[in-house]
Amino acid sequence: AFNLRQYPLFAQHLGPLPPDSDGSEGARPDLRSCRNRLWAELCLHTGMRPEEPARISKYAILDLTPDDPDNSMGKTYLKITGKRNVTRKVELPNFLLNWLVWYIENERQEAVKEGLKRGSIKKNEPVNLFLNGPSARHNAGRAMSYKTFYDEFHRAALAAGLTETIAKADPETGEQYFTKEPIFSPHCLRHTFAVWMYFFERKNGNTEPWKRIQALLGHRHLSTTMNIYLRISGELEAIMSDRVVGHFSSGLYGKI
């Protein structure tokens, strides 16, 4: 799982959040696309598997109606199709829903216009939430693949210096060489959600947070949640002070 120092460092290399997401007004300071960052935030704040956002349609987002729209921390339930075509509901924070709507009405629309102009998409635009941007040479406006996100994630992790040195061997000569590889993969976003949610729930008085986390992750067996996703949480809690636990639990809904 990312810690509270690593994720902001990584995220700033992945891309910016939509304008005014920090409550400020004025010109957008970072003109890079928000798409890659939003894909990551979707996984980080809901526990989705990293390939699952590729299956979400824009209509699934636009059809959502928050119960408490004025509360940025309120939740809206989003139905998704996951592993083995099993459907489940994830909790989508209102602030994240607002970011996604901004993307649909701005960056995504620009991608569609460029795709129609170049002929990479025909009369009917893809229904997928995330699309290749205007800079995609031959695929502007087409559905964005998980591989594209994986490549962008890999690039951002390298740029952030979140790497380790790996020894490899040339397949032809057998000569050994060293290369830097990211210490995180996209699936780590799901692990980060589980760990951060664990501390968030514990801090708010839930004595059995694993049951809620199991449901949100869509695990059939509690042992998967406990032995794979939350094993590190118990180890950390045993050595962390209350102050540090409180700081760590702020990660899920704190400013990132």
Side-chain angles (χ1 to χ4, degrees), residues 1-24 28-50 53 72-73 90-93 95-96 99 149-166 178-204 206 209-210 212-213 216-217 225-226 228-256:
F2 284 95
N3 64 35
L4 295 184
R5 178 192 64 83
Q6 293 166 329
Y7 184 75
L9 179 63
F10 160 79
Q12 70 181 10
H13 288 281
L14 191 60
L17 291 173
D20 301 334
S21 61
D22 60 355
S24 63
R28 181 177 171 183
D30 190 332
L31 297 181
R32 291 178 299 160
S33 171
C34 297
R35 182 201 62 188
N36 300 327
R37 176 70 179 275
L38 290 177
W39 188 308
E41 295 288 331
L42 196 51
C43 298
L44 178 71
H45 289 288
T46 68
M48 286 186 192
R49 296 177 180 88
S72 64
M73 296 302 178
V90 297
E91 292 182 349
L92 189 67
F95 65 83
L96 182 51
W99 294 347
F149 176 72
Y150 180 94
D151 292 342
E152 292 295 336
F153 185 102
H154 188 276
R155 177 197 58 77
L158 289 175
L162 301 173
T163 61
E164 59 183 348
T165 301
I166 303 294
F178 296 90
T179 183
K180 288 188 179 296
E181 295 290 340
I183 59 175
F184 294 105
S185 72
H187 200 79
C188 293
L189 293 167
R190 182 167 159 90
H191 283 265
T192 303
F193 167 82
V195 173
W196 288 8
M197 177 62 80
Y198 174 88
F199 285 108
F200 181 82
E201 289 290 313
R202 290 283 284 178
K203 184 174 182 291
N204 285 277
N206 186 351
W210 42 85
R212 174 165 158 75
I213 295 170
L216 292 173
L217 294 180
T225 309
M226 296 294 292
I228 298 177
Y229 286 82
L230 294 181
R231 176 180 56 82
I232 191 175
S233 301
E235 296 172 358
L236 287 173
E237 194 171 27
I239 62 174
M240 291 164 66
S241 67
D242 290 341
R243 180 182 62 82
V244 175
V245 167
H247 175 66
F248 205 87
S249 71
S250 69
L252 193 62
Y253 297 116
K255 281 189 173 292
I256 296 175

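Just so we're clear, the structure is a prediction, and the values are computed from it rather than from any experiment.
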Distance in Å, [X] [atom1] paired with [Y] [atom2], rounded so as to fall on 0.5 Å steps:
X	Y	atom1	atom2	result
L158	F153	CG	CZ	10.5 Å
R212	E91	CZ	CD	4.0 Å
L217	M48	CG	CE	12.0 Å

State, yes or no, whether a side-chain contact exists between [X] and [Y] at a heavy-atom distance under 4.5 Å.
X	Y	value
F200	N206	no
L9	R5	yes
L44	Y7	yes
W99	C34	no
L38	P53	no
E152	W39	no

**OP:** Run the numbers on L42 and L92 for side-chain contact (heavy atoms from CB on, under 4.5 Å), then give the verdict.
**Re:** CA-CA 8 Å; L42 196 51; L92 189 67; 3.5 Å; yes
Original post:
Distance-only, no hydrogens or angles: does the R32 side chain make a donor-acceptor pair with backbone N or O of L14 under 3.5 Å?
Top reply: no
Original post:
Taking the side chain from W196 and the backbone from F2, do they hold a donor-acceptor pair closer than 3.5 Å?
Top reply: yes
Original post:
Step by step, would you call H154 with E181 a side-chain contact (heavy atoms from CB on, under 4.5 Å)?
Top reply: CA-CA 8 Å; H154 188 276; E181 295 290 340; 3.5 Å; yes
**OP:** State which residues pass side-chain hydrogen bond (donor to acceptor under 3.5 Å, both in side chains) with R190; sequence neighbours excluded, sorted by chain then number.
**Re:** H219, Y229
Subject >> F10/F184 aromatic ring centres below 6.0 Å >> reply: no
